Amino acid sequence: MTDIAEPALAQRIRSGDASAFDTLFRAHYQELCLFGYSYLRSPEAAEEIVQDVFTAIWTRRATWRVHESVEAYLFGAVRNRALRRLARGRTELRWRRGANEPASSALGVPDRELERAEAEQLVRAAVAELPERSRMAITLRWQHQMTYPEIAAAMGISVKGVEQHLARGIKRLRKLLTHLHVID
Amino acid sequence: MRRIDWQSLDRALTGQATADERAALEARSRAYPSAAGALAGLRRVGVVPDAPPLARWNVEDALAKVKLASPETTPVRISPLRSRRAIAMVVGIAAAAAALLIVVVRSRVVDPTLDAATKLVTAGSTARGQRLRVNLVDGTQVVLGPESRLSIAKEFERGARTVVMEGEAYFHVARDEARPFRLRAGSGLIDVLGTEFTVRAYRDDSTVRVVVVTGRVSVRGLSPARRSTKPVTLQRGDVADLDRGDSVVVTHVADPSAYLEWLAGRLDFDDAPLHDVAHRLERWYDVRIDIADSTLALRRVSASFTDQTLREVLRSLCGGLRARCVQDGRDVRMEAEPPRR
């Protein structure tokens, strides 16, 4: 596997182009906050680590190297900081089990709509219950549309490792998704 | 109905499905609401069930904050003949200020006009060619320009938030309605609720300049007898110049952020006399600049420099002015080029 050519944006940032940095920031900031939130469960803490990531990039821009995609780098960096913070605070990663509760059955909501909303809840809750690495791999793949090498770069593991985490996650979701008629 | 397996589902979710596969999934979504719901869920797997909406995170505020957090890292370049001086690190300062404040056991009421009895401690200071970020215990962020100093009242943490500055500084004051933030700069007294502004009050400046970026501040002069004059309220975009006679001249600019560019390592001159320009360069690059003749010193300059070396700045300045600039170590001499015959 060869390295993908380095994104032009990263090169511009390295040469000190402030507008390139602004562009990168605006394109990913909120998404990364949400991603950080999924670990830390605090909007403020999420915001802090994402800002730290960008501050570090701008501070050390002259030596900033991106190996896969800029996105992979950003998600990886946010994840690393989030995990470090969790370890430091010994805060437990709490997943809201309440997400398993059936969607509220308000009167007048058509059955189809209810069924749809319930299925969505079930799937998201099931993904939320996955082991951290499987959840990360799946999130980067399906929500953030990354390639295997990009996910590998973000998670700091091999492409083979990515395949394994995805497979593990998929295995756990298989029964539910078959039941919901998505796959056979 | 076409069979859907993991590979086809993965392709569909990453936008690589064949037309056939897409049609099959759509058919399923129509037939089974559960399939439609599950697909929607899979597309948003990273979205945590009880997560706040994305708008919870304000992009522009955050960007400004990140930029603010990095000014010490766009180092002011020192003239190439000297080794680059390390720009003072910031984190230690905040900790030091906090530590100093903890020592205070009982707070005394601080006279808001800052009489001689107000005990001050230095929260940060810079030499020429340096910038420094200072975080105060109340959450206020300050960036000091070159050759500047920030002192805070010893009772800052518990009593009134009173600070004194000299030189140039950017303030992002944390809001605390119960404890107004009061700043003394040169002969000016500035009252703040929660806002962003910059102040320039070098000893050799003839005026104290205050530029409000957001929010509202009030400015008044302190006559030598320390009898305050009537305050002037400034809003976003107001640029106030307070002279030694305590009169305030307010002009308004559409985009006050131009006055923040020094934070990002940018020097901006808009129709400024060369002697003013030279003054700023002296602070910025830690050099002495001698302008050989007074006509040259009065020539007006409009220019903008970002992170350039002194040599580059001098080259473009002197090129534009048709002046001769000679640099010898930390001394720079500017003189008009002899007229061509």
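This is a predicted model, so every value here is computed, not measured. Reminder, nothing fancy here: chain letters follow the sequence lines and each chain counts from 1.
In this structure the side chain of B:Arg56 never reaches within 4.5 angstrom of the side chain of A:Gln30, judged on heavy atoms. The closest side-chain heavy-atom distance from B:Trp6 to A:Leu173 is below 4.5 Å. With contacts defined as side-chain heavy-atom distances shorter than 4.5 Å, the pair B:Trp57/A:Leu32 does not qualify. You'll find the side chain of B:Tyr32 stays beyond 4.5 Å of the side chain of A:Leu180, heavy atoms only. At least one side-chain heavy atom of B:Asp10 sits less than 4.5 Å from a side-chain heavy atom of A:Arg141.
Proximity to chain A (any heavy atom under 4.5 Å) is restricted, for B:Leu9, to the side chain, taken from C-beta onward. Only the backbone of B:Asn58 comes within contact range of chain A, with at least one heavy atom under 4.5 Å from a heavy atom of that chain. For A:Ile138, the parts sitting under 4.5 Å from any heavy atom of chain B are the backbone and the side chain alike. Interface residue A:Val182: backbone and side-chain heavy atoms are both found under 4.5 Å from chain B. Using a 4.5 Å cut-off between heavy atoms, A:Glu44 touches chain B through backbone and side chain atoms alike.
A donor-acceptor pair is defined here as one N or O able to donate and one able to accept, closer than 3.5 Å; no such pair exists between the side chain of A:Arg124 and the backbone of B:Gly41. In terms of modelled atom types and a separation under 3.5 Å, the side chain of A:Gln145 and the main chain of B:Leu13 share a donor-acceptor contact.
The minimum heavy-atom distance between B:Val66 and A:Phe25, with the atom names listed, is CG2-CE1, 3.7 Å. Across every non-hydrogen atom of B:Arg28 and A:His181, the tightest pair is NH1-O, 3.1 Å. For the residue pair B:Ile4 and A:Asp184, the shortest heavy atom distance occurs at N-OD2, 2.7 Å. Among all heavy-atom pairs drawn from B:Ala40 and A:Glu120, the shortest one is CB-OE1, 3.7 Å. Residue A:Leu34 comes nearest to B:Pro52 through the heavy atom pair CD1-O, 4.3 Å, listed as atom of the first residue, atom of the second, then distance.
Listed options A:Asp22, A:Ile170, A:Val50, A:Val123 were ranked by heavy-atom pairs under 4.5 angstrom with chain B; first place goes to A:Ile170. With respect to chain A, the highest number of heavy-atom pairs below 4.5 Å among B:Ala36, B:Ala55, B:Ser29, B:Ala35 belongs to B:Ala35. Your options are A:Met146, A:Glu47, A:Glu31, and the one with the most heavy-atom pairs under 4.5 Å with chain B is A:Glu47. Of the residues considered (A:Cys33, A:Ala119, A:Ala18), A:Cys33 shows the highest number of contacts with chain B, using heavy-atom pairs under 4.5 Å.
How far CG of B:Leu39 is from CH2 of A:Trp142: 10.0 Å, rounded to the nearest 0.5 Å. For the atom pair NE2 (A:His144) and OG1 (B:Thr14), the distance works out to 14.0 Å, reported to the nearest 0.5 Å.
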